[in-house]
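Worksheet: the structure to be examined is printed underneath.
Only heavy atoms go into these numbers, but all of them, side chains included; no hydrogens, no water, no symmetry mates.
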Amino acid sequence: MKTQTQTYSLNLGPQHPSTHGVFRIILELDGEFVVKATPVPGYLHRGIEKLAEARTYTQVIPYTDRMDYLAGMLMNWGYVMSVEKLMSLEIPERAEYIRVIVGELSRIASHMMSVGALGADLGALTAFTYTFRDREYVMDLLEMTSGSRMTFNYMRVGGVVKDFPPEFYPALKHFLSELPGMCDEYDGLLTGNEIFIARTKNIGIITPEMGINYSLSGPTIRGSGVNLDLRKTRPYSIYDRFDFQVPLGENGDCYDRFRLRIEEMRQSGKIIQQALEQIEEGPIMAKVPKIIKPPVGDVYTEIESSKGIYGSYLVSDGSTKPYRIHFRRPSFINLGYLGDLCKGWKLADVIAILGSIDIVLGEVDC
Amino acid sequence: MFGKGLVKGLKITWKRMLGKKQTVKYPFTKIEMFPRFHGRFVIDPDKCISCGLCVNACPNKVIQLEKQKVGTKQYLTKYTMKIEYCLFCGLCVEVCPKDAINFSEIIDMNQYRREWVTLKMVDRDAPVETIDDNALIDSSSSHKEG
Amino acid sequence: MLESIFIEIADIIRYWFLDLGTPELLTEIILMLIKLSAILGFIIVNALWLVYMERKVAAYIQSRIGPIHTGPKGLLQTAADILKLMGKEIILPDGINRIIFILMPILIFVPPLMTWAVIPFGRDMTAVDIDMGVFYILAVGSLSTIIFWAAGWASNNKYSLIGGMRVVAQMVSYELPLVLGLLGVVMISGSLNLNQIVIAQDNVWFIFTQPIAFLIYLIAGISETNRAPFDLVEGESEIIAGPYTEYSGMGFALFFLAEYANMMVVSAVCTVMFLGGWLAPFGMDFIPSWVWFFLKMYFIIFLFMWIRWTYPRMRVDHLMAFGWKVLVPLSLANIFVTGACIYIFRGIGW
């Protein structure tokens, strides 16, 4: 007699502890093996792009915070950069340095979250709390400057809102001196852990070709060894003044993607250190008219966000409100490969792969 | 390999177990907020000139402002913030020319009923003849300070 | 005095009943029931305490404070939690097998209770002293597999089903190294009676003569209790809560407490088999034997908690590979070496 097995579908999410929010994957499982995975995003869609059309250029900024709420500063930055490019504004030196510092702090916070969340997805809850604890320091620093812990609304077209308060500098220096130790702790708890290595090494391999074909970016593609970091390859703002390395992976597996993020935190610390040394007194806001009215036209700018290339495409009809904004959200684009990537792996690996891609649902669904 | 990483992890957690605790006993000990913290809004009705810039600056149309002309000046009679729609972006604070609206350090804005969430900050009648400099804010309508 | 406090209490009750004119057989039965209910009470109180301890250990490892408000030092926190869970509705989802669904959380306490009955708490302190102790414990201990599996099956939920299947796969494959690991101890002591095994450790604890068996037992024991890094069964980031996904209210609370009861059993057996049970180390006899037993047991439990809050979860195929390819051969080798050593030492004339 021939026994027949049957595949069954498992609905992972939208209410699931490790889909990082309200994300849904419909899995077709054969035992524990994934036959087919269908990602279903959209549960957190708020229509930010549409909302922006009814807001003035300044009023859009707080909405960009809500996309990647783990790295709000970078989201602000990407948007204001596009408006500035359209208006051909010259940003003051100090404002650029402040943007670099808060942007890199945001990147550190986002990577900490990502590192911890992958740990929690794989069951190491202590690593998760450690990264959360350390992320508090970053959020304290950003709260000192902007007043908010996550949704900052700190950057404006032409500069930033406020200068650093005096108590910011000692606190930042203290944090920078602690940062390598924190990274060592994550390394000790996760990166060097045999169980963790077994769970992530050679899992969910993205080949460089497939990564490029699927237009992946950020640590997700750098894990495959593709040197694509806009801060280095196409320096925007003042990133050409800093000396830092772009860590690259070799295999393109979950382990490489994870390891990169810890490395990037260290590099971000280096960038902040250099920015602190180079920063000079000066104005923090360019001469911008009270009512922002960019000329008619369209513009596309890209920055390297913590998840990948964050682009914003802006069409202006010459009024005070944008005619159309489109955000290229890296999490969303990176997620496009998930369906194919999960095929053939186990149920537990799906969680690891999803965690290693590092998505933020606010950004995915926008 | 062969358990070296496992032992290292145990060492780290052991060290942390004996180390300093990072959390505080929250309701009893509170962390001091930074001066720029975005807490509950406070308005100084004497400074306000009812220009309405904050109303226009708000991305979510949170602020409702009513004014009445007394003599040559605009007199603020009602200032309501539908705080349930507020993004706490601070654009209203930033735009205020007279520094009348500000953030405070109050964080507990939770209420038992939805209608109480709305922040009625100023609710008063305009003086009939002259402007009373010491016009009091009638705060009896807000159910809970905070 | 303190040493034999429980024995004296038992004697007082026995003579009290005999004075009333109760037949001797009935007295023994009543006494046995009292002992068992005392053990049940002990297990439940201890499980509550262990939940508190786990939360405190987890908090301290994660540089937090942990429960502090309910009762002195937060000691009543778990009791409050259980009370809250008792007050909750037990939701019966559609399409479940009602009888099994309701029965399983009740039965889950049976295996730990049955196991505790034979474990020697202290000198001459065993509720039921049987010669097949080790064998009995292993047989009863694997019963809980069926309960977890049935709970997962009855829930009519795919996550529960996956969890239930994982329980069977994991527990069955880790039962083998567990048994083979304990075999080394049995070979040295030459007895299956737990009291005899404890007494056999008078000179040297078996952890020193059987370190590999101890390690194997510890790993397999963690796996038996479904705790991290082997908590695939309830791995909350993959399959929500495994077999307990559909349980709410007291049903969930019972499963939750049963985990700790199982943990107690595993660490108590570990204490008896490897750490000299109630024997006092370095001749420190002034502390009663049962205190020693609990100290050692809690040490093992702490070790479990420490491990849980440090490691990530294993994957199901790694778990199987580790069990069958590493632990089983290792335990077989251990048996071989132990047997050879016993033969050699006997030849020397030790």
For residues [X] and [Y], report the shortest heavy-atom separation together with the two atoms involved.
X      : Y      : answer
A:Y130 : C:I61  : OH-O, 2.6 Å
C:H318 : A:A198 : CE1-O, 3.0 Å
C:R313 : A:I195 : O-CG2, 3.6 Å

For [X], is it the side chain, the backbone, both, or neither that has a heavy atom closer than 4.5 Å to a heavy atom of chain C?
X      : result
A:F196 : both
A:I351 : side chain
A:A352 : neither
A:Y8   : side chain
A:T129 : side chain
A:L118 : neither

When heavy-atom pairs shorter than 4.5 Å are enumerated against chain C, which of A:L29, A:V350, A:D349, A:N11 gives the highest number?
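Answer, by heavy-atom pair count under 4.5 Å with chain C: A:D349.
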Could you have a look at C:Y311, C:F322, C:Y159 and say which one has the most heavy-atom pairs with chain A under 4.5 angstrom?
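So the answer, after comparing C:Y311, C:F322, C:Y159, is C:Y159.
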Relative to chain A, which of C:R64, C:K158, C:M165 shows the most heavy atom pairs under 4.5 Å?
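So the answer, after comparing C:R64, C:K158, C:M165, is C:K158.
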Using a 6.0 Å cut-off, check whether atom [atom1] of [X] has over 12 heavy atoms from anything other than its own residue.
X      : atom1 : value
C:W153 : CH2   : no
A:Y43  : OH    : yes
A:F332 : CZ    : no
A:E250 : CD    : no

Please report the interatomic distance [atom1]([X]) to [atom2]([Y]), rounded to the nearest 0.5 Å.
X      : Y      : atom1 : atom2 : result
A:E32  : C:I162 : CD    : CD1   : 6.0 Å
C:N157 : A:L10  : CG    : CG    : 8.5 Å
C:Q62  : A:F128 : CD    : CZ    : 10.0 Å

Does C:M314 form a side chain to side chain contact (heavy atoms under 4.5 Å, CB included) with A:R199? I'd like the steps, not just the answer.
CA-CA 7 Å; C:M314 286 184 89; A:R199 279 299 300 274; 5.7 Å; no
Would you check, one step at a time, whether the test side chain to side chain contact (heavy atoms under 4.5 Å, CB included) holds for C:T310 with A:L189?
CA-CA 7 Å; C:T310 306; A:L189 261 182; 3.9 Å; yes
